[in-house]
Visitor: 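Let me begin by handing over the structure; questions about it come next.
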Amino acid sequence: MADHSADDAPEYDIARIQQKWQAVWDELQPFSTSDPDDTRPRKYVLDMFPYPSGDLHMGHAEAYALGDVIARYWRQRGYNVLHPIGWDSFGLPAENAAIKRGVDPLAWTYENIAQQKKSMKLYAASFDWDRVLHTSDPKYYKWNQWLFLKMYEKGLAYRKASWVNWCPFDQTVLANEQVVDGRCERCDNIVEKKKLTQWYFKITDYADRLLDDLEQLEGHWPSKVLSMQRNWIGRSTGADVEFEIEGREDKVPVFTTRPDTLFGATFMVVAPDSELAAELVDGSTPDVQAAFAEYLKAVQKETEIDRQDASREKTGVFLDRYAVNPVNGERLPIWAADYVLADYGHGAIMAVPAHDQRDLDFARKFGLPVRVVVDPTAAADPSIETDAGDDPVASDATVLDPVATGEALVGDGRMINSGPLDGLSKRDAIARMIELLEEAGTGRAAKTYRLRDWLISRQRFWGTPIPIIHGANGELIPMTEDQLPLTLPPSEGLDLSPKGTSPLGGATDWVSVENPLDGTPARRDPDTMDTFVDSSWYYLRFLNPNDDTQAFDPAEAEKWGPVDQYIGGVTHAILHLLYARFITKVLFDMGYITFTEPFTALLNQGMVLMDGSAMSKSRGNLVRLSDQLDEHGVDAVRLTMAFAGPPEDDIDWADVAPHASAKFLARAWRLANDVTSEPGIDFSTGDVALRRVTHRLLADAPGLIEGFKFNVAVARIMELVNATRKAIDSGVGPADAAVREATETVSLALSLFAPYTAEEMWEQLGHQPTVASALWRTADPALLVEESVTCVVQVDGKVRDRLTVSPDIAAAELERLALDTGGAKRAIGERQIVNVIVRAPKIVSIATKG
RNA sequence: GCCCCCAUAGCCCAACUGGCAGAGGCAGACGACUUAAAAUCGUCCAAGUCAGGGUUCGAAUCCCUGUGGGGGCACCA
């Protein structure tokens with residue numbers, strides 16, 4: 001038995017090993033991708049870049065551990081792997097820290113970046129340090145401005161006045177995506193509505209493509225993210241119907257998903273905060289105008305949270321105006337009610353109370369007429385085809401009276417009271433009504449989306465200035481590319497505190513300019529861009545981060561793009577990913593790139609929790625990464641992250657055992673110390689049993705890594721370590737060639753998870769550094785075949801006997817052997833055999849009866 | 001309200017996608033080494049797969065129903 005007492009055996013000193021190899025990596029640069037003559041096939045592996053709000057935390061540690069496994073894996077498989085890192089370094093936290101502590105946001109940001117970079121190096125993340133970028137660097141945000149100007153040129157960047165989300169604490173507008181449950185995503189304060197003129201990107205022009213292209217990502221992105229994106233875009237199909245309004249010149253379009261129920265429309269509702277409502281009220285009586293003004297005031301006082309309370313009563317005011325139903329000429333009273341939204345569809349609806357729950361609630365409250373046009377009891381008629389799932393309702397007079405039941409009839413049935421549609425099913429009636437509307441020129445098939453345009457202006461300092469000059473008469477003058485970058489003025493002397501207008505407005509020298517067209521006084525746009533603009537295309541900037549002549553090199557994009565594997569948290573499932581997909585499509589349309597999706601594959605890691613909940617200082621369950629690294633070593637923390645479970649699952653730090661990972665690594669490392677054979681020994685002379693374990697790992701690890709089953713891969717390495725330990729201590733001994741082969745394989749496999757330990761082992765085994773640039777080995781198929789396998793003999797589903805047979809045994813032979821076993825004979829007894837299923841060589845299943 | 005995931009030893013998790021429920025780890029028990037402890041090495045322990053039904057020669061795996069947990073969307077016409 002080998003002697004492992006502390007006195008005479010070397011100790012696994014992870015602190016020393018870490019220090020040693022960091023220096024070696026700095027010198028050898030095994031992760032550089034700068035050689036233009038590299039002929040290896042390429043992989044682009046990208047971790048979501050961090051926001052520098054402090055030092056790295058446990059969440060970063062998990063993400064970077066997993067991303068690194070993938071990057072190192074592909075390198076080991078012979079690929080030229082681009083694995084860059086940068087910082088998403090514009091944004092609110094820098095500014096808030098500046099306000100709170102009176103520091104310069106720039107200094108604060110770059111101090112944090114320096115600290116994070118140091119931690120990443122310690123953490124052994126295999127980044128290409130030559131490609132670092134910071135979005136707060138004018139070298140970077142110049143190209144944000146370029147992108148803005150290109151979008152402006154194409155009509156994809158525009159200004160409009162609209163009711164926007166306003167965070168009263170951060171004193172800035174927010175995108176819809178940044179409002180969660182009616183609260184500001186960042187500070188959790190209740191969001192208010194304000195009418196402001198702001199810059200928008202026209203993402204709605206791309207709604208169909210953003211939705212339809214998700215199909216390409218199926219199987220490569222988590223299905224959860226795909227469904228979140230689908231929900232967010234929220235396409236619904238139906239028809240636009242044009243209604244005439246008495247006393248108004250132009251017709252009013254209304255979107256509906258149920259054009260089949262047009263004959264059941266009994267009133268119309270417009271959004272109180274829409275222009276249409278204001279205009280209709282203008283043409284109404286003074287009484288109506290007063291009532292409406294009061295109602296509008298009440299509506300505008302409501303927060304998003306009030307509005308989303310589904311249980312609240314319907315409210316509204318009658319406008320004393322009338323629309324005309326285009327299919328039957330009926331007069332429909334027009335109401336304003338806040339259950340109709342100004343910015344969805346056309347801000348007006350046709351109300352069909354019999355077949356829409358909201359309309360029914362409203363009609364019941366205000367005593368408006370209800371007319372049933374779909375008879376759900378009639379679907380039993382065999383000549384009527386109903387949609388699957390919409391089962392006919394039992395024939396019962398009461399269901400046909402929604403006013404009495406309070407339940408709208410939303411299911412399928414047979415059309416009644418609907419003139420030319422009578423007798424049709426819902427589906428057929430929808431199609432027929434669209435035809436009729438199109439023939440009459442009063443409507444057409446239409447689609448509407450939940451997705452809104454992307455509001456990109458922010459009234460904040462620490463962001464990309466918008467490269468637009470406002471002339472004295474309100475004209476917009478875009479800067480020209482040669483004038484970029486438009487850099488931020490120094491923060492010194494500026495009031496950064498939230499006050500509802502951009503701090504840049506106070507930088508008089510900066511904001512006041514001459515109108516480039518006529519020399520009259522003009523002002524720069526004082527707002528800055530949403531930082532999601534920065535991150536929407538950064539993956540392209542990594543291809544040539546220091547190029548001053550272009551945002552990115554289309555030739556490099558052709559070489560490397562799109563990203564083969566993107567890794568990051570599910571927190572960005574909608575926002576960032578949707579914007580990046582959008583900008584990618586825009587750049588494709590402009591001809592800069594040849595692909596339409598930025599991220600071919602996506603891995604979402606879970607969160608790191610403590611005692612079942614997210615870590616936070618206020619909760620007092622914060623685990624500090626630096627403490628963990630000090631206590632257990634980098635490798636043990638990384639290994640723990642990979643081993644804890646499937647990567648997309650949350651890790652509860654209370655459930656995992658980094659000390660056990662450290663113990664395992666020491667055990668693996670000790671193997672390398674124990675090996676006594678020389679490098680280059682002929683492995684084929686080694687012990688076959690141990691070689692089998694080694695080669696099974698060689699064969700299986702690639703599939704496990706590519707399937708993101710890192711935890712299983714680690715378990716398999718542990719298995720090999722255990723088998724090797726046993727071979728050394730109580731088997732063939734430390735000099736056997738198979739022991740060296742196994743230990744070298746452990747080092748190679750561990751190099752993905754525990755790079756320091758793996759390097760140390762590799763060197764101890766007599767190899768040149770680095771194991772990080774060594775290649776994975778091919779399994780010998782001969783060693784993957786077992787000499788004999790156990791075949792199970794089942795009778796009526798129960799295991800009755802076992803056979804030890806050759807793996808290539810013939811089915812007929814196996815059947816004969818199985819039927820002859822004592823266990824099978826006993827179980828069959830007098831019963832009659834009805835079927836024998838043979839799955840050679842693993843199982844024989846006998847079915848009997850009697 | 002609509003849609004989507006998940007449930008396996010005390011705990012974290014595997015199981016070739018229908019073929020003997022266990023790879024690995026934690027915790028636990030015992031032993032070796034030690035004056036002792038730690039470290040190390042070794043041995044052992046444990047569920048019949050949330051519940052009920054169905055398909056099948058055979059179900060953790062496929063299909064229904066329910067329970068429990070997690071997530072997304074929601075007055076979106």
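Since the structure is predicted, the reported quantities are computational estimates derived from the model, not experimental observations.
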Visitor: Would you measure the distance from the P atom in B/A29 across to the matching atom in B/C45 and give it in whole Å?
Guide: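 The answer is 16 Å between these two P atoms.
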Visitor: Tell me if a side-chain donor or acceptor on A/Asn621 pairs with a main-chain N or O of A/Met610 at a distance below 3.5 Å.
Guide: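 Such a contact is found between A/Asn621 side chain and A/Met610 backbone.
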Visitor: Can A/Thr204 and A/Tyr449 be counted as having a side-chain donor-acceptor contact under 3.5 angstrom?
Guide: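 Distance-only check fails for A/Thr204 and A/Tyr449.
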Visitor: Which letter, B, S or -, goes with each nucleotide of nucleotides 11-19 of chain B from 5' to 3', with contact meaning a protein heavy atom under 4.0 Å?
Guide: SSSSSB--B
Visitor: If you measure from the C1' atom in B/G69 to the same atom in B/C26, how many Å do you get, rounded?
Guide: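 The answer is 23 Å between these two C1' atoms.
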Visitor: Going by distance alone, is a donor N or O of one side chain under 3.5 Å from an acceptor N or O of the other, for A/Thr757 and A/Tyr12?
Guide: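 Indeed, the side chains of A/Thr757 and A/Tyr12 share at least one donor-acceptor pair under 3.5 Å.
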Visitor: With C1' as the reference atom in both, quote the distance from B/A9 to B/C13 in angstrom, rounded to an integer.
Guide: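 Result for the C1' pair: 11 Å, nearest Å.
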Visitor: Scan A/Leu211, A/Thr257, A/Asp208 and name whichever one has a side chain to side chain contact (heavy atoms under 4.5 Å, CB included) with A/Lys447.
Guide: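 The option that passes is A/Asp208.
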Visitor: Among A/Ile651, A/Asn711, A/Val656, which one satisfies side chain to side chain contact (heavy atoms under 4.5 Å, CB included) with A/Met641?
Guide: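 Of all the options given, the one that passes is A/Ile651.
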Visitor: Roughly how far apart, to the nearest Å, are B/C6 and B/G18 at atom P?
Guide: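 B/C6 and B/G18 have their P atoms separated by 15 Å.
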Visitor: Distance check, P atoms only: B/U67 and B/G58, in whole angstrom units.
Guide: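 About 29 Å, rounded to a whole number of Å.
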Visitor: Going by the rule side chain to side chain contact (heavy atoms under 4.5 Å, CB included), which residues pair with A/Asp343 if we only count those two or more places apart in sequence or in a different chain?
Guide: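 If we apply the side chain to side chain contact (heavy atoms under 4.5 Å, CB included) test to A/Asp343, skipping adjacent residues, the hits are A/Leu341, A/Arg452.
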Visitor: Considering only the P atoms, how many Å lie between B/A15 and B/C62, rounded to the nearest integer?
Guide: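 Per the computed distance, 13 Å lies between those P atoms.
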Visitor: Is the glycosidic angle of B/G48 within 90° of 0, making it syn, or outside that range, making it anti?
Guide: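 With its glycosidic angle within 90° of zero, B/G48 counts as syn.
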